[in-house]
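See below for the structure under consideration.
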Amino acid sequence: MVFGIINFHNMDKLIQNRQKRKVVIVGAGLVGSTYAYALSQSGLADEIVLIDRNEELVRGQVLDLVHGEAFVPTVILREGSNADYADAQLIVITAGSAQKPGETRLHLLKKNADIVGSIAGEVSRQGSLGVMLVVSNPVDVMTWVALKSSGWERGRVIGSGTVLDSARFRYLLARHCGIDVHNVHAYILGEHGDSEFAAWSMTNVAGMAIDSYCPVCNKCSDWKSERAGIEQQVRESAYHIINAKGATHFAVGLAMVRITAAVLRRQNSVMTVSVMLKGEFGLRDVCLSVPAIVTDTGVTKVITGPLSDDEMLLLRRSAGIIKEAVDSL
Ligand SMILES: NC(=O)c1ccc[n+]([C@@H]2O[C@H](COP(=O)([O-])OP(=O)(O)OC[C@H]3O[C@@H](n4cnc5c(N)ncnc54)[C@H](O)[C@@H]3O)[C@@H](O)[C@H]2O)c1
């Protein structure tokens, strides 16, 4: 599967771009500002620029952030404008409405599609050669909207997808097995939403497939129902947090920093970002989360490892739901 190659004439601009690690965040609400806060502490970026249609809010967020400059690695933090897209390596879109209690991600669809589409169009008009990371929900549909509005090659427009959900899954598995989360490799695939599913066939604990690790761990009386419970908890996590405190923003901010590291440091990291499929897993013209290699040019490869027959059905189901949402726009 071929991902787009950047036009040769743009090479000089691309090289200049890579000398400065500049991230532009569009949407300085809870998710955007939490990400900016975490990113400023990471030392990954030289410059972090915030943009929001609410000028008072963005001014306040920037002022609050710059007052922490003495405590973080050297970084320029400032308010920006559309012109900042041109030389940014990463443009992160968190603009839009947040999920309200009782509201599904798909309810946000139409409101956010207009917002994300117009931002992505402007990023493209400014001649950016960077990567776009879409976080606004429903993220798979918004990734599709941003990709189409930008006219960019597919690998350069990625959604945060199920990177957060996979982290929730790893946390729950680690807690269940009583081991360090860093020893658990596990993925949630499909829609970042109600139809997402755990890829148990790819779940790996302490270097072993989960089915081999189970007898070693030997803690559960009924692993089948324990599995279903863990998967359900992952799927419902956002609803629980939103009901309790109105929004989710800490863990997603960290997930975004993780994706940022892969882009700014050319890490070739495997992550479950949302990406446009063009035949992988037998699916086309739909953005959803599958394991993919992420680096400075975005996604360079989708990893089409073998899924079980049940998992393939669930992936197709997710794809169908996302396509239906896209078609309703
Ligand atoms: N993908 C994920 O894993 C994930 C996790 C949590 C939240 N989210 C999503 O992230 C988005 C932001 O959530 P939040 O809690 O920060 O919401 P928020 O309401 O706190 O912030 C959104 C910000 O976007 C700004 N905005 C709206 N339209 C804009 C435009 N055209 N240009 C610039 N700024 C604009 C608003 O003024 C606001 O400050 C939501 O869509 C939410 O559902 C995604």
Side-chain angles (χ1 to χ4, degrees), residues 24-38 49-62 64 79-82 84-85 91-123 132-146 149 158-169 188 190-194 196 234-235 237-260 271-275 287-289 322 325:
V24 177
I25 305 167
V26 197
L30 270 173
V31 172
S33 61
T34 305
Y35 166 60
Y37 178 63
V49 179
L50 277 88
I51 297 176
D52 197 292
R53 71 174 169 197
N54 181 340
E55 290 177 12
E56 207 179 344
L57 174 75
V58 75
R59 204 162 302 131
Q61 299 286 34
V62 168
D64 201 5
E79 273 177 70
S81 66
N82 289 348
D84 280 297
Y85 299 141
I91 295 119
V92 181
I93 304 179
T94 75
S97 294
Q99 209 173 346
K100 305 277 179 332
E103 190 178 40
T104 69
R105 293 186 182 100
L106 290 179
H107 281 135
L108 294 173
L109 183 64
K110 289 202 162 108
K111 266 195 282 184
N112 286 354
D114 288 346
I115 295 173
V116 170
S118 74
I119 294 167
E122 187 56 36
V123 170
M132 230 187 283
L133 171 63
V134 181
V135 183
S136 311
N137 273 323
V139 71
D140 304 293
V141 182
M142 293 308 127
T143 305
W144 188 94
V145 168
S149 307
I158 59 181
S160 57
T162 56
V163 176
L164 168 61
D165 317 66
S166 296
R168 287 173 173 153
F169 184 37
I188 296 289
E191 178 200 9
H192 169 63
D194 297 340
E196 67 186 25
V234 174
R235 213 174 279 125
S237 292
Y239 293 115
H240 288 309
I241 298 167
I242 289 166
N243 284 335
K245 60 173 236 177
T248 71
H249 54 108
F250 288 130
V252 69
L254 292 172
M256 291 156 71
V257 172
R258 177 66 193 92
I259 300 168
T260 305
M271 283 183 279
T272 53
V273 289
S274 188
V275 62
C287 294
L288 47 64
S289 288
I322 296 163

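This structure is a prediction, so every number in the text was calculated from the model and none was measured. Whatever order the structure lists ligands and atoms in, that order sets their numbers, starting from 1.
By the criterion of a heavy-atom distance under 4.0 Å, the side chain of V252, and not its backbone, is placed next to ligand 1. For L164, every heavy-atom contact with ligand 1 shorter than 4.0 Å involves the side chain, none the backbone. Residue contacts with ligand 1, taken as heavy atom pairs separated by less than 4.0 Å, involve N137 via backbone and side-chain atoms alike. Both the backbone and the side chain of A95 come within 4.0 Å of ligand 1, judged by heavy-atom distances.
In this structure, the side chain of S136 engages the main chain of A95 through a donor-acceptor pair within 3.5 Å. In this structure a side-chain-to-backbone donor-acceptor pair under 3.5 Å is missing from Q61 to S33. Remark: side-chain polar atoms of S118 are paired, donor with acceptor, to backbone N or O of I115 under 3.5 angstrom. Side-chain atoms of T94 come within 3.5 Å of backbone N or O of G27 as a donor-acceptor pair.
Atoms of ligand 1 found under 4.0 Å from any heavy atom of T94, numbered from 1 in the order shown, are 11 (C), 12 (C), 22 (C). In summary, the atoms of ligand 1 found under 4.0 Å from a heavy atom of I115, numbered by their order in the structure, are 28 (N), 29 (C), 30 (C), 31 (N). Counting the atoms of ligand 1 from 1 in the order shown, those under 4.0 Å from a heavy atom of N112 are 41 (O). Those atoms of ligand 1 that come under 4.0 Å of a heavy atom in T248, given as number and element, are 5 (C), 6 (C). Close contacts of ligand 1 with L57, meaning ligand atoms under 4.0 Å from a residue heavy atom, involve 39 (O). Numbered from 1 in the order shown, with element, the atoms of ligand 1 that lie under 4.0 Å from a heavy atom of S160 read 1 (N), 2 (C). Remark: ligand 1 atoms within the under-4.0 Å shell around heavy atoms of L30 are 15 (O), 16 (O), 20 (O).
Looking at A247, G27, G96, S33 and measuring to atom 22 (C) of ligand 1, the nearest heavy atom belongs to G96. Closest heavy-atom approach to atom 32 (N) of ligand 1 within the set L133, I119, L50: this belongs to I119.
At a threshold of 4.0 Å, the pair R235-E196 does not count as salt-bridged, since none of the basic side-chain nitrogens sits closer than that to a carboxylate oxygen.
Partners of A113 by side chain to side chain contact (heavy atoms under 4.5 Å, CB included), not counting sequence neighbours, listed by chain and number: M142, V145, L329. Remark: D84 engages K22, R78 in a salt bridge (Lys or Arg N to Asp or Glu O under 4.0 Å) (not counting sequence neighbours).
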Q: Could you walk me through whether I188 and S289 pass side-chain contact (heavy atoms from CB on, under 4.5 Å), step by step?
A: CA-CA 8 Å; I188 296 289; S289 288; over 6 Å; no

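Considering backbone and side-chain N/O atoms, V31 comes within less than 3.5 Å of an N/O atom of ligand 1.
With H192 as reference, T162 is the one residue of T143, V163, T162 to meet the side-chain contact (heavy atoms from CB on, under 4.5 Å) rule.
Heavy atoms of H249 stay at 4.0 angstrom or farther from ligand 1.
Atoms CH2 and CG, from W144 and L288 in turn, are 14.0 Å apart once rounded to the nearest 0.5 Å.
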